[in-house]
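I have placed the structure first, in the form of structure tokens, so that the comments after it can refer back to it.
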Amino acid sequence: MDVYRSRSRASSSNDAGASFTSSADLSTSSLELSIQTRIFKIIVIGDSNVGKTCLTFRFTGGSFPDNTEATIGVDFREKAVEIEGETIKVQVWDTAGQERFRKSMVEHYYRNVHAVVFVYDVTKMASFRNLQTWIEECNGHRVSASVPRVLVGNKCDLVDQVQVSRLKQSRQPRYADSHNMLLFETSAKDPRESQNVDSIFMSLACRLKAQKSLLYRDVEREDGRVRLTQETETKSNCLC
Ligand SMILES: Nc1nc2c(ncn2[C@@H]2O[C@H](COP(=O)(O)OP(=O)(O)OP(=O)(O)O)[C@@H](O)[C@H]2O)c(=O)[nH]1
Ligand SMILES: [Mg+2]
């Protein structure tokens, strides 16, 4: 079933994600649109090199980046999605896995977060074991138990190198269950998996949309290292 239909549009956004022309041109309708758009902040957490940047790039940009470097601080990507007639901005925080590139930013990652994506690399057992540390860090920052969390095993295209057994074969479904998380296994690289990558973020957006209590608020900018790199729009028939 074709659940997600994507279309890109040229972004004339500023860093805060709102479209501006000159102040004289700013119509009432664009102001209303900007005020009414809900923004869901989703952070992507996990060891360095597990593919957090590639996954967020795949979701927001629809492709696999040719080259990536270790993320410093955070990269900030955004995608507008339409769920049951409402346009929602999914603001993805692609965090740094390396301690030296993240330590000054950790407080900002968790502040007002709406959902958390924990990523491991299916070809690196250590990255699966380290999930416990990432979950403890998250819990240590007073992230409410009501904030949805999902687990993502990435790099499933490297079938000959898998160290963390695939779904239904081993303990990670139980691990996900025990932490009350959905588990996704996917590949940021394999284009055939792109709908699965979308599902990670869309399932969270659907759950968040259902939480009527979320406040409308503007894009959060923490400091100069936070930057908007993408804005596309996806239409969806939400199945959640
Ligand atoms: N084969 C394969 N390689 C991947 C996949 N996702 C990412 N990679 C590769 O893994 C390496 C690390 O990817 P990144 O997305 O930069 O990793 P990261 O988790 O953002 O790393 P930090 O920014 O240091 O935390 C890169 O060489 C990617 O090309 C995937 O699904 N399959
Ligand atoms: Mg990165």
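Because the structure is predicted, anything quoted here is derived from the model rather than measured. Both counts, for ligands and for their atoms, begin at 1 and track the order of listing.
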Check this for me - ligand 1, [X], N or O atoms closer than 3.5 angstrom, yes or no?
{"X": "Gly46", "result": "no"}
{"X": "Cys54", "result": "yes"}
{"X": "Ala96", "result": "no"}
{"X": "Phe64", "result": "no"}
{"X": "Glu69", "result": "no"}
{"X": "Gln98", "result": "no"}

Which residue and atom name correspond to the protein heavy atom nearest [atom], and how close is it?
{"atom": "atom 10 (O) of ligand 1", "value": "Lys155 NZ, 3.0 Å"}
{"atom": "atom 31 (O) of ligand 1", "value": "Ala188 N, 2.9 Å"}
{"atom": "atom 17 (O) of ligand 1", "value": "Gly51 N, 3.2 Å"}
{"atom": "atom 27 (O) of ligand 1", "value": "Thr68 OG1, 4.4 Å"}
{"atom": "atom 21 (O) of ligand 1", "value": "Asn49 N, 2.9 Å"}
{"atom": "atom 6 (N) of ligand 1", "value": "Asn154 ND2, 3.2 Å"}
{"atom": "atom 24 (O) of ligand 1", "value": "Ser48 OG, 2.6 Å"}

Considering the heavy atoms of [X], write down every atom of ligand 1 situated less than 4.0 Å from one of them.
{"X": "Leu158", "answer": "1 (N)"}
{"X": "Thr71", "answer": "22 (P), 23 (O), 24 (O)"}
{"X": "Asp157", "answer": "1 (N), 2 (C), 30 (C), 31 (O), 32 (N)"}
{"X": "Ala70", "answer": "23 (O), 24 (O)"}
{"X": "Asp47", "answer": "19 (O)"}
{"X": "Ser187", "answer": "31 (O)"}
{"X": "Lys52", "answer": "15 (O), 17 (O), 18 (P), 19 (O), 20 (O), 21 (O), 22 (P), 25 (O)"}

### Message
Under 2.8 Å from the Mg ion (ligand 2), can any N, O or S atom of Thr71 be found?
### Response
yes
### Message
Using 2.8 Å as the threshold, say whether any N, O or S atom from Thr53 sits that close to the Mg ion (ligand 2).
### Response
yes
### Summary
Tightest non-hydrogen contact, residues Leu208 and His114, listed as CD2-O, 3.3 Å
### Message
Ignoring hydrogens, what is the shortest heavy-atom contact between Cys156 and Glu185? Give both atom names and the distance.
### Response
SG-CB, 3.8 Å
### Query
Does a side-chain N-to-carboxylate-O contact under 4.0 Å join Glu78 and Lys41?
no
### Query
Would Asp94 and Lys52 pass as an ion pair if we require N to O under 4.0 Å?
no
Pairing donors with acceptors under 3.5 angstrom, does anything connect the side chains of [X] and [Y]?
{"X": "Glu193", "Y": "Asn196", "result": "yes"}
{"X": "Gln91", "Y": "Trp93", "result": "yes"}
{"X": "Thr71", "Y": "Thr53", "result": "yes"}
{"X": "Asp157", "Y": "Ser187", "result": "yes"}

### Task
Show your reasoning for whether side-chain hydrogen bond (donor to acceptor under 3.5 Å, both in side chains) applies to Asp121 and Asn154.
CA-CA 5 Å; Asp121 175 348; Asn154 189 38; over 6 Å; no
### Query
Within 45° of the six-membered ring axis of Phe201 and under 6.0 Å from that ring's centre, is NZ or CZ of Lys79 located there?
no
### Query
Under 3.5 Å, side chain of Tyr110 to main-chain N/O of Ile43, donor-acceptor pair present?
no
### Task
Name the orientation class of the two ring planes belonging to Phe128 and Tyr120 (parallel below 30°, tilted from 30 to 60°, perpendicular beyond 60°).
perpendicular
### Query
Can you check side-chain contact (heavy atoms from CB on, under 4.5 Å) on Glu137 and Arg102, steps first, answer last?
CA-CA 12 Å; Glu137 179 188 89; Arg102 70 194 310 276; 2.7 Å; yes
### Task
Please confirm whether Phe101 comes under 4.0 Å of ligand 1, counting heavy atoms of the residue only.
no
